[in-house]
Amino acid sequence: MSNLAIIGTGYVGLTTGAVMAHLGHQVTCADLDPAKVEKLNQAELHIYEPGLRELVVAGLASGRLRFVVGAAEAAEACEFAFLCVQTPQGADGEADLTWVLAAAAELGHIVPPGTVVINKSTVPVGSAARVAAALARPDVTVASNPEFLREGTALADCLNPDRIVVGAPDVAAAQAVAALYDGITAPVVITDVTSAEMIKYASNAFLAVKLSYVNEIAALCERVGADALDVVQGMGFDQRIGKDALKPGPGWGGSCLPKDTAALAHMAATAGAPAGVLQAAMHANNEQRRRVVAKVTAAVPNGLHGARVAVWGLTFKANTDDLRDSPSLAVIQVLQQLGATVVAHDPQVEAAPLEGLLLASEPLLACEQADVLVVLTEWPQFAAIDLAEAAARMTGREIVDARNLLDRSAAVAAGFHYVGLGR
Ligand code: UDX
């Protein structure tokens, strides 16, 4: 078992730390925020991720997981240091490496000789060399071990990954990193650092392209009278296509897909390589949000000005509290600009993330006096709500279901005019 330092306690760092402690390693996670660290040591998490708290509790109880302030204490005796800090989107879509390089520079003063520093943050192709320069330690190896976890299913994704990817300058270092995952069954791809970095971007951007494609197919289904749900089901059985990431929705959002797709397009532009497919996917994603707004506008014949819109769901997808780049917020903002009053409910959001947005503590309370109900996040509990009850509270009889979540026949039986996506 190895001594690991994890720098950064966001979705990736915290999940990696908890899973590594679960696998038997001695793990110290560092964050810069003392209040966050104090809470984490009491198993109070600042993010919502199903099952993660339980794993942190178990890690703390086993003595194999602890949280400290700053990289110095975490890394002074480590054999492997994982960089899991944020890489926000900078100008031109380029990933901002400020935090990664600052953490690397700090580690350079601390880590013992022979340490392997591992990039888990999504960093542009070529970043390992920049991290190595910031470390300024020829006796330290820089490896890349991209993370593919999805928010909402982070633990399952970490414990049962589709693959483990490790890039390193030499096979021995890569194998040492891969061995940290002993106990997890998955194909292991060992490669050079640049290719490992590329695998992460190419994978995320592929998902973005796939989703934009599906959303355009759904728009076409509407025009020609096909049902997009049957269409994607029929497509998904083809193993070359796969059934995941095939649901039409209000557009892809979150902390990764938009940022990584923009960063890859930027990398391509810098390298003089074509990125037409990526550009088209990003354009289609903006159009998709616009299409949802158009459906809501069409549902309120007297115009959105002065209308009351009930919204179910604010987070960028279900089972997370993450609002970063949420299509729901993008759609709501436009509805507000068009003069609508928006009342929203989300099971994981307690403070209004937008000015003028009203929050309701229950989904049905959001429906009071509403002209139209718009479903923007696929929280499963919304599907179980009695739509007759929603109708009784609303003024209008219109539903725009941008996730195809509700039971269409139940909505019609409750007196609604139901509009889904691609149907
Ligand atoms: C993504 C990648 O899936 C993951 O491998 C990577 O490590 C981080 O980025 P995440 O951001 O958690 O994970 O979300 P994901 O589940 O991939 O969904 C991304 C967006 O696409 C969301 O807005 C989601 O609502 C949307 N989506 C996803 C759909 O509209 N339809 C689908 O079928 C799947």
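As the structure is a computational prediction, the values presented were derived from the model and not from experiment. The first residue of the sequence shown is numbered 1, and numbering continues consecutively from there. Whatever order the structure lists them in is the order used to number ligands and atoms, beginning at 1.
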* To do: Decide, yes or no, whether a salt bridge links E287 with R291 under the criterion of side-chain N to carboxylate O below 4.0 Å.
  => no
Could you list, one pair per line, each nitrogen or oxygen of ligand 1 together with any protein nitrogen or oxygen closer than 3.5 Å, giving atom names and the distance rounded to 0.1 Å?
{"residue": "ligand 1", "atom": "5 (O)", "partner": "F148", "partner atom": "O", "Å": "2.7"}
{"residue": "ligand 1", "atom": "7 (O)", "partner": "E147", "partner atom": "O", "Å": "3.4"}
{"residue": "ligand 1", "atom": "7 (O)", "partner": "F148", "partner atom": "O", "Å": "3.4"}
{"residue": "ligand 1", "atom": "7 (O)", "partner": "L149", "partner atom": "O", "Å": "2.9"}
{"residue": "ligand 1", "atom": "7 (O)", "partner": "K200", "partner atom": "NZ", "Å": "3.0"}
{"residue": "ligand 1", "atom": "12 (O)", "partner": "E151", "partner atom": "N", "Å": "2.7"}
{"residue": "ligand 1", "atom": "12 (O)", "partner": "K317", "partner atom": "NZ", "Å": "3.1"}
{"residue": "ligand 1", "atom": "14 (O)", "partner": "K317", "partner atom": "NZ", "Å": "3.2"}
{"residue": "ligand 1", "atom": "16 (O)", "partner": "K317", "partner atom": "NZ", "Å": "2.8"}
{"residue": "ligand 1", "atom": "23 (O)", "partner": "G253", "partner atom": "N", "Å": "2.9"}
{"residue": "ligand 1", "atom": "23 (O)", "partner": "F316", "partner atom": "O", "Å": "3.3"}
{"residue": "ligand 1", "atom": "25 (O)", "partner": "F316", "partner atom": "O", "Å": "3.3"}
{"residue": "ligand 1", "atom": "25 (O)", "partner": "R403", "partner atom": "NH1", "Å": "2.8"}
{"residue": "ligand 1", "atom": "25 (O)", "partner": "R403", "partner atom": "NH2", "Å": "3.3"}
{"residue": "ligand 1", "atom": "31 (N)", "partner": "K247", "partner atom": "O", "Å": "2.9"}
{"residue": "ligand 1", "atom": "33 (O)", "partner": "L246", "partner atom": "N", "Å": "3.2"}
{"residue": "ligand 1", "atom": "33 (O)", "partner": "K247", "partner atom": "N", "Å": "2.9"}

* Structure fact -> Those residues at least two apart in sequence (or on a different chain) that pass side-chain contact (heavy atoms from CB on, under 4.5 Å) with R130 are L97, L101
* Asked: Is the shortest side-chain N to carboxylate O distance from R423 to D227 below 4.0 Å?
  -> yes
* With L40, which of D33, L45, L60, L65 fulfils side-chain contact (heavy atoms from CB on, under 4.5 Å)? -> L45
* For K295, which residues count as a salt bridge (charged side-chain N to carboxylate O under 4.0 Å, His left out) partner, sequence neighbours excluded? -> E222
Show the atom names and distances, to 0.1 Å, of all donor-acceptor pairs under 3.5 Å that link a side chain in residues 199-211 to residues at least two apart or in another chain.
{"residue": "K200", "atom": "NZ", "partner": "E147", "partner atom": "O", "Å": "2.4"}
{"residue": "S203", "atom": "OG", "partner": "R163", "partner atom": "NH2", "Å": "3.2"}
{"residue": "S203", "atom": "OG", "partner": "I199", "partner atom": "O", "Å": "2.7"}
{"residue": "N204", "atom": "ND2", "partner": "D260", "partner atom": "OD2", "Å": "2.7"}
{"residue": "K210", "atom": "NZ", "partner": "I241", "partner atom": "O", "Å": "3.0"}
{"residue": "K210", "atom": "NZ", "partner": "G242", "partner atom": "O", "Å": "3.4"}
{"residue": "K210", "atom": "NZ", "partner": "D244", "partner atom": "O", "Å": "2.7"}

